[in-house]
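Encoded as structure tokens, the structure appears first; notes follow it.
None of the values given here were measured: they were computed from a predicted structure. Positions are given from 1, in the same order as the sequence printed here.
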Amino acid sequence: MTEVEMVGLRSKKQISLYETAIHHYIGQLFKRDPRIQVAVEFENGLEADAFCICLISGRNPKLFAIEVNKQLKQEEVLRALAHEMVHVKQYRTNQIKYVKDDVLWEGKKYPTRENVKSIEIYLRSPWEIEAYTREESMYNNFMMDYIG
């Protein structure tokens with residue numbers, strides 16, 4: 001069973017909403033429960049809205065951390081979580097791996113975000129294209145099920 005932990009929030013209502021969203025996104029990304037652990041930490045001062053890291057890599061990664069900018073509004077958090085959960089899926093299925101100063105996407109080397117000349121180039125990477133493409137529909141599906 002997938003475990004989700006929220007850190008840095010006090011509102012039980014927000015925690016419940018974000019946990020529900022993550023489980024909903026998992027249902028959209030995986031045919032069955034991937035049996036993963038996701039720790040979501042809300043922090044001030046992040047340069048990005050959110051980011052995801054695989055804490056233990058390997059053939060079958062199961063432990064992930066998502067950091068979210070605490071200044072985001074609720075809708076922005078829900079969208080960011082959808083985006084980052086796509087990255088969780090990419091790590092879990094070994095589409096993406098970080099090896100030293102490179103990113104391996106389906107076996108092909110790409111520079112890391114820190115090693116590209118501009119953020120625009122990074123945002124055109126295949127893993128970001130997939131995450132941005134799926135983010136909107138995942139968010140909309142969640143909102144229809146949650147509100148509707």
Side-chain angles (χ1 to χ4, degrees), residues 1-9 14-15 17-143 145-146:
M1 179 167 169
T2 294
E3 297 175 32
V4 178
E5 178 185 4
M6 297 280 162
V7 178
L9 290 178
Q14 278 186 321
I15 290 169
L17 173 64
Y18 298 151
E19 285 177 350
T20 300
I22 287 174
H23 285 287
H24 196 279
Y25 298 150
I26 287 169
Q28 294 180 64
L29 292 167
F30 297 94
K31 290 183 178 16
R32 56 189 167 96
D33 187 345
R35 295 194 173 116
I36 57 176
Q37 294 177 324
V38 181
V40 181
E41 185 170 353
F42 289 81
E43 294 185 23
N44 288 314
L46 293 181
E47 290 183 25
D49 288 350
F51 64 91
C52 171
I53 57 173
C54 179
L55 295 174
I56 301 175
S57 60
R59 240 177 30 119
N60 208 7
K62 296 182 179 181
L63 186 57
F64 306 92
I66 296 173
E67 294 191 24
V68 179
N69 189 328
K70 211 172 192 175
Q71 306 306 313
L72 297 179
K73 295 176 181 157
Q74 182 172 291
E75 178 183 337
E76 295 169 319
V77 171
L78 291 168
R79 288 176 186 277
L81 289 174
H83 182 99
E84 298 309 324
M85 288 306 298
V86 173
H87 292 316
V88 167
K89 187 268 310 174
Q90 293 166 345
Y91 283 121
R92 180 73 171 106
T93 60
N94 287 301
Q95 281 181 291
I96 192 170
K97 297 178 185 179
Y98 282 80
V99 180
K100 296 187 182 182
D101 291 335
D102 294 312
V103 177
L104 290 179
W105 172 258
E106 297 182 344
K108 184 178 176 185
K109 279 187 181 182
Y110 291 84
T112 61
R113 183 175 181 167
E114 296 77 24
N115 294 329
V116 293
K117 294 179 184 176
S118 73
I119 190 68
E120 290 79 21
I121 292 171
Y122 180 79
L123 294 175
R124 290 193 303 254
S125 62
W127 57 92
E128 288 298 333
I129 290 171
E130 180 186 13
Y132 280 109
T133 301
R134 296 191 80 176
E135 167 189 326
E136 187 69 20
S137 65
M138 289 171 55
Y139 168 79
N140 289 336
N141 288 339
F142 171 70
M143 292 308 291
D145 288 350
Y146 185 76

Can you name the residues that form a ring pair (Phe, Tyr, Trp, His ring centres under 6.0 Å) with [X], not counting sequence neighbours?
X      : answer
Tyr25  : Phe142
Tyr98  : none
Tyr110 : Trp127

Q. side-chain contact (heavy atoms from CB on, under 4.5 Å) between Glu135 and Val86: does it pass, once the steps are laid out?
A. CA-CA 8 Å; Glu135 167 189 326; Val86 173; 5.8 Å; no

Q | Any Tyr146 side-chain heavy atom under 4.5 Å of Leu17 side chain | A | yes

Q: Kindly indicate whether the side chain of Ile22, heavy atoms from C-beta on, has any atom under 4.5 Å from the side chain of Met6.
A: yes

Q | Closest heavy-atom pair and its distance - Ala82, Met138 | A | O-CE, 3.7 Å

**Q.** Criterion side-chain contact (heavy atoms from CB on, under 4.5 Å) on Gln14 and Val77, from CA distance to verdict
**A.** CA-CA 10 Å; Gln14 278 186 321; Val77 171; over 6 Å; no

Side-chain donor/acceptor pairs under 3.5 Å, residues 60-68, sequence neighbours excluded:
residue : atom : partner : partner atom : Å
Asn60   : OD1  : Arg92   : NH1          : 2.1
Asn60   : OD1  : Arg92   : NH2          : 3.4

**Q.** side-chain hydrogen bond (donor to acceptor under 3.5 Å, both in side chains) partners for Glu19, two or more places apart
**A.** none

Q.
Under the rule for side-chain hydrogen bond (donor to acceptor under 3.5 Å, both in side chains), what residues qualify as partners of Asn94, not counting sequence neighbours?
A. none

Under 3.5 Å, side-chain donor or acceptor atoms of residues 33-49 against the rest of the protein: list the pairs with distances, not counting sequence neighbours.
residue : atom : partner : partner atom : Å
Asp33   : OD1  : Thr2    : N            : 3.4
Asp33   : OD1  : Thr2    : OG1          : 2.4
Asp33   : OD1  : Arg35   : N            : 2.8
Asp33   : OD2  : Thr2    : N            : 3.1
Gln37   : NE2  : Glu3    : OE1          : 3.4
Asn44   : OD1  : Gln71   : NE2          : 2.2

**Q.** Spatial distance of atom CD1 (Ile15) from atom OG1 (Thr20) [nearest 0.5 Å]
**A.** 11.5 Å

Q) Between atom CD of Glu106 and atom CD of Gln90, what is the distance when rounded to the nearest 0.5 Å? A) 9.0 Å

Q: Return the set of residues passing salt bridge (charged side-chain N to carboxylate O under 4.0 Å, His left out) with Lys97 (not counting sequence neighbours), or none when no residue passes.
A: none

Q: Could you pull out all residues at least two apart from Asp102 that satisfy salt bridge (charged side-chain N to carboxylate O under 4.0 Å, His left out)?
A: Lys109

Q. Pairs in or reaching into residues 68-87: which pass salt bridge (charged side-chain N to carboxylate O under 4.0 Å, His left out), with residues at least two apart or in two chains?
A. Glu75-Arg79, Arg79-Glu136

Q.
Regarding His83 and Glu128, do their side chains bring together a donor and an acceptor under 3.5 Å, going by distance alone?
A. yes

Q: Identify, with sequence neighbours excluded, every residue that meets side chain to side chain contact (heavy atoms under 4.5 Å, CB included) alongside Asn141.
A: His24, Gln28, Met144

